[in-house]
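Down below is the structure, laid out as structure tokens.
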Amino acid sequence: MTKESQEKKKPYRSAGSNALWSFRGMLRDAPLAFWLTVLGVPVGVFLAWAEIRLPALVVAQVTEGRSFAQAAWAVGLLLGLMGLAAALQKALGTVSFGCFSQYCIQKEVELNRKSMSCFYQIYEKKQVRDLHSRALMAAQMWNGKQPISDMPRESVGLLQNLLCCALFGGMLSFVSPWLVVLLTAAPAVNWFCARACQKYEYATREARTDVERRMQYVSERGADFAAAKDIRIYGMAGWLREIYHDLSRQSVGWSRRLNLRQFLSRLADLGIALVRDGGAYALLLSMALRGELTVDQFVLYFGAISSFAAYVGNIMNAWNEMRAASLRVCDFREYIDLPDLDSPAQGARLPKTAPEITFDRVSFRYENEEEDTLRELSFTIQPGERVALVGANSAGKTTLIKLLCGLYRPSAGTVRVNGVPAEEFSRADYYRLFSPVFQDVRTAFFSLCETVSGRIGEQADTARAEDCMRRAGLGKKLAFVGGVILTVAASARYDRSRALYKDAAFIVLDEPTAALDPESEYEVYSKFNQISGGKTAIYISHRLASCKPSSSMRGGLSSRALTTS
């Protein structure tokens, strides 16, 4: 393994950094959850001490010849305090559970906000989408684990175990310092075993995530109604099952390797526990037989040994669980920290009217590609001009449009708006210039009016949305109530409705007739003027015939064609 690959697998942040990040997030988004969790620490420490103190207290009352009333008062007082502490601990856990849910919801909102605001050129990369899948696993419940909430819980649990360990270690040090050394040193071996298991799990996470994403994709496509016809006609069912079974075997293989390492780690834990506890109890028993301990002291220290050993193990377990959660939180934080590549808010101001846009020797190359998709492209689009962009498939037409719309940044050269480089405008402002209709139509699970307007409920301008849909040819669909399955042509009209509603300075139609029948294609041509409405319009196609300037497309404004190759 090269040094570069080793550095790549290094966790994004340390466990301590992730713990502090979690606490800051809780104080900001769910402060009650933070304070309830912290309050639970002293309550837990008191209960741990009381559990070993109670039997020793009962024995002391009997051996010292106390009266029943005195013994009942002493034991009853401790039992009452334990009952109150247990009730308080239960109440804190119940209330904090709901508060933690609020914290986790805020983190999911933060994750979704990042997905919607992340610069498109970065977001479309496979490694970023894989990172998003792992970040999602950190924010949601998987196999009983929710790393985002487990991180602060395990951190506080580690603190509580450390305090309990210090308490019982101090008690045992009065008996023999060797007891503390023996009970502390033995679990260190368990810690190294568990750490090795976690390192393997973290190092293989990318390969496992890739298999899981492929399995999910194949499973979803098999049940996708849009693919049902192709699956039946082309006999793809057996092929999809074969792929799924192969991916399942890979997934099971990864699970077996992980489970084997976890089993060996726990087996080592069991063997060391037998040696540790056996030696400690032998030492305590020999001291009691020599008369160096009273009966109540023997009971107290016997309980302290058991509790100390348990809390040392708990420290190791809490650290391992905390570190496991931390590795998942690393994925979440790395995704959240992806650069937005936005310009500062005090950047240049965009004009209110359609501006002139110039490509000045613009080149673009996709990551890991050997050649430029576009090379030194120069042209100017004047306000109100209608441009037809023509080129063969894979000639870079859509890439050019993504550069124009600000979804990509040029590898070389500059895109200028009225002479000002596009990078000097904020992305939010720059996006307002364009109403694109891309090749891939995406509908949403809302009403047509809400989806076209991009607003929910009363925020949507229903009358305006309906007018845009009628202008785009969706008038008949407005008569239906409830769910409507849109055809390919209707989906294209829906996308055009959304572009009309936005009312931006530039209308961009990316292969608007590629999947349409001749009648629907003619409809697009005949309504081109109505769609563009005198705005700057860019029409993309791979067919020269579809870009022939007809009378409906001229409208008294300048028209010309650009070609890509």
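When reading the values below, keep in mind they use all heavy atoms of this one structure, side chains included, and skip hydrogens, waters and symmetry mates. Counting begins at 1 with the first residue of the sequence.
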Problem set entry | All ring pair (Phe, Tyr, Trp, His ring centres under 6.0 Å) counterparts of F332, not counting sequence neighbours | W21

Exercise. Should we say atom CH2 of W254 is surrounded by more than 12 heavy atoms from elsewhere, each under 6.0 Å from it?
Worked result: yes

Exercise. Passes side chain to side chain contact (heavy atoms under 4.5 Å, CB included), V362 versus L374? Steps please.
Worked result: CA-CA 7 Å; V362 170; L374 298 174; 5.7 Å; no

Exercise. Excluding sequence neighbours, so at least two apart, what forms side chain to side chain contact (heavy atoms under 4.5 Å, CB included) with V38?
Worked result: F34

For this session: May I have the step-by-step check of side chain to side chain contact (heavy atoms under 4.5 Å, CB included) for Y120 and C405, ending in yes or no?
Result: CA-CA 11 Å; Y120 182 83; C405 293; over 6 Å; no

For this session: With sequence neighbours excluded, tell me which residues meet ring pair (Phe, Tyr, Trp, His ring centres under 6.0 Å) with Y12.
Result: none

Exercise. Is the CZ atom of F97 crowded by more than 12 outside heavy atoms at less than 6.0 Å?
Worked result: no

Exercise. Do you know the tightest heavy-atom contact between Q89 and G44?
Worked result: NE2-CA, 3.8 Å

Please table the atom pairs, donor to acceptor, closer than 3.5 Å between any side-chain atom in residues 154-162 and protein atoms at least two apart or in another chain.
| unit_1 | atom_1 | unit_2 | atom_2 | d |
| --- | --- | --- | --- | --- |
| S155 | OG | M151 | O | 2.7 |
| N161 | ND2 | G157 | O | 3.0 |

Exercise. Is the number of heavy atoms from other residues, nucleotides or ligands under 6.0 Å of R365 CZ greater than 12?
Worked result: yes

Exercise. For R28, which residues count as a salt bridge (charged side-chain N to carboxylate O under 4.0 Å, His left out) partner, sequence neighbours excluded?
Worked result: none

For this session: Look at atom CZ of R241 and say whether more than 12 heavy atoms of other residues, nucleotides or ligands are closer to it than 6.0 Å.
Result: no

For this session: State which residues pass ring pair (Phe, Tyr, Trp, His ring centres under 6.0 Å) with Y366; sequence neighbours excluded, sorted by chain then number.
Result: F364, Y408

Problem set entry | Listed partners of Y311 passing ring pair (Phe, Tyr, Trp, His ring centres under 6.0 Å), at least two apart | F168

For this session: Working to the nearest 0.5 Å, report the span between CG of L403 and OG1 of T373.
Result: 9.5 Å

For this session: For the residue pair Y123 and H132, categorise the inter-ring angle as parallel (less than 30°), tilted (30 to 60°) or perpendicular (more than 60°).
Result: perpendicular

Exercise. Near R375 CZ, under 6.0 Å, is it more than 12 heavy atoms from other residues, nucleotides or ligands?
Worked result: no

For this session: Applying salt bridge (charged side-chain N to carboxylate O under 4.0 Å, His left out), name anything that partners R113, two or more places apart in sequence or on another chain.
Result: none

Problem set entry | Test item: T37 and F100 side chains (from C-beta on) under 4.5 Å apart, heavy atoms | yes

Exercise. Under 3.5 Å, is there a donor-acceptor pair between the S326 and R13 side chains?
Worked result: no

Exercise. Is the number of heavy atoms from other residues, nucleotides or ligands under 6.0 Å of R361 CZ greater than 12?
Worked result: no

Exercise. Taking atom CD of E242 as the centre, does the number of heavy atoms from other residues, nucleotides or ligands within less than 6.0 Å exceed 12?
Worked result: no

Exercise. Do M26 and Q106 have side chains that get closer than 4.5 Å, going by heavy atoms?
Worked result: no

Exercise. How many angstroms lie between CD1 in I243 and CG in L247, if you round to the nearest 0.5 Å?
Worked result: 7.5 Å

Exercise. Is atom CD of E371 surrounded by more than 12 heavy atoms (other residues, nucleotides or ligands) closer than 6.0 Å?
Worked result: no

Problem set entry | 4.5 Å side-chain heavy-atom contact, R427 and F119 | yes

For this session: Hey, could you give me the CD/CZ distance between Q146 and R328, rounded to the nearest 0.5 Å?
Result: 13.0 Å

Problem set entry | E367 with K125: basic N within carboxylate O range, under 4.0 Å | yes

For this session: Please identify each residue that fulfils side chain to side chain donor-acceptor pair (under 3.5 Å) with K402, with sequence neighbours left out.
Result: none

For this session: Apply side chain to side chain contact (heavy atoms under 4.5 Å, CB included) to R256 and R261, showing your working.
Result: CA-CA 9 Å; R256 285 176 178 171; R261 282 164 172 77; over 6 Å; no

Problem set entry | Results of side chain to side chain donor-acceptor pair (under 3.5 Å) for Y335 - residues two or more places apart only | S115

Problem set entry | salt bridge (charged side-chain N to carboxylate O under 4.0 Å, His left out) partners of R214, counting only residues at least two apart | D210

For this session: Assess whether side chain to side chain contact (heavy atoms under 4.5 Å, CB included) is satisfied between S248 and M215, documenting all intermediate values.
Result: CA-CA 7 Å; S248 297; M215 283 183 63; 3.7 Å; yes

Exercise. Are E220 and Q216 linked by a side-chain donor-acceptor pair shorter than 3.5 Å?
Worked result: yes

For this session: List for me each residue that meets salt bridge (charged side-chain N to carboxylate O under 4.0 Å, His left out) alongside D130, sequence neighbours excluded, and say none if there are none.
Result: K126, R213

Exercise. Can you tell me if N317 and E321 form a side-chain donor-acceptor pair at under 3.5 Å?
Worked result: no

